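Single-structure report; data block below.
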Amino acid sequence: MACYMAIGYSLPRAVEMGKLFVTRALRAGAKVATGKGHGPVNHFFSPRKLKIT
């Protein structure tokens, strides 16, 4: 949420976007096998290009 707020989203929208990101990251890592238990959070499921100024 803090990252979305840092790039200009309002607090309600940042919360919505943060929740969506975490949900998608969990789904993307669900079938990754790293031992026992649930799969990891895949933070890199949908990378964005950085804007360099």
Side-chain angles (χ1 to χ4, degrees):
M1 292 179 280
C3 294
Y4 284 112
M5 289 182 70
I7 59 174
Y9 286 94
S10 66
L11 178 59
R13 184 69 174 145
V15 170
E16 181 182 343
M17 296 295 291
K19 165 76 169 83
L20 184 61
F21 179 86
V22 170
T23 299
R24 289 178 176 171
L26 286 168
R27 284 185 185 146
K31 295 186 183 204
V32 176
T34 57
K36 297 181 180 181
H38 300 288
V41 175
N42 181 355
H43 291 95
F44 305 108
F45 73 96
S46 181
R48 289 182 168 186
K49 289 186 178 184
L50 295 176
K51 293 181 184 178
I52 302 195
T53 57

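Hydrogens, waters and symmetry mates play no part in the numbers below; they use all other heavy atoms, side chains included. The residues of the chain are indexed from 1 along the displayed sequence. Computed from a prediction, not measured in an experiment: that's the story for all the values here.
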Open item on the list: So, using side-chain contact (heavy atoms from CB on, under 4.5 Å) as the criterion, who are the partners of R24 when residues are at least two apart?
Closed with: L20, F45
- [ ] Can you sort out the partners of T23 under side-chain hydrogen bond (donor to acceptor under 3.5 Å, both in side chains), two or more places apart, ordered by chain and number?
- [x] K19
TODO: Report whether L11 and I7 are members of the same hydrophobic cluster (ILVMFWY, side-chain heavy atoms less than 4.5 Å apart, transitive linking).
DONE: no
Task: Common cluster, M5/M17, ILVMFWY with side-chain heavy-atom separation under 4.5 Å - done: no
Open item on the list: Could you work out, with side-chain contact (heavy atoms from CB on, under 4.5 Å) as the rule, every residue matching V22, not counting sequence neighbours?
Closed with: L26
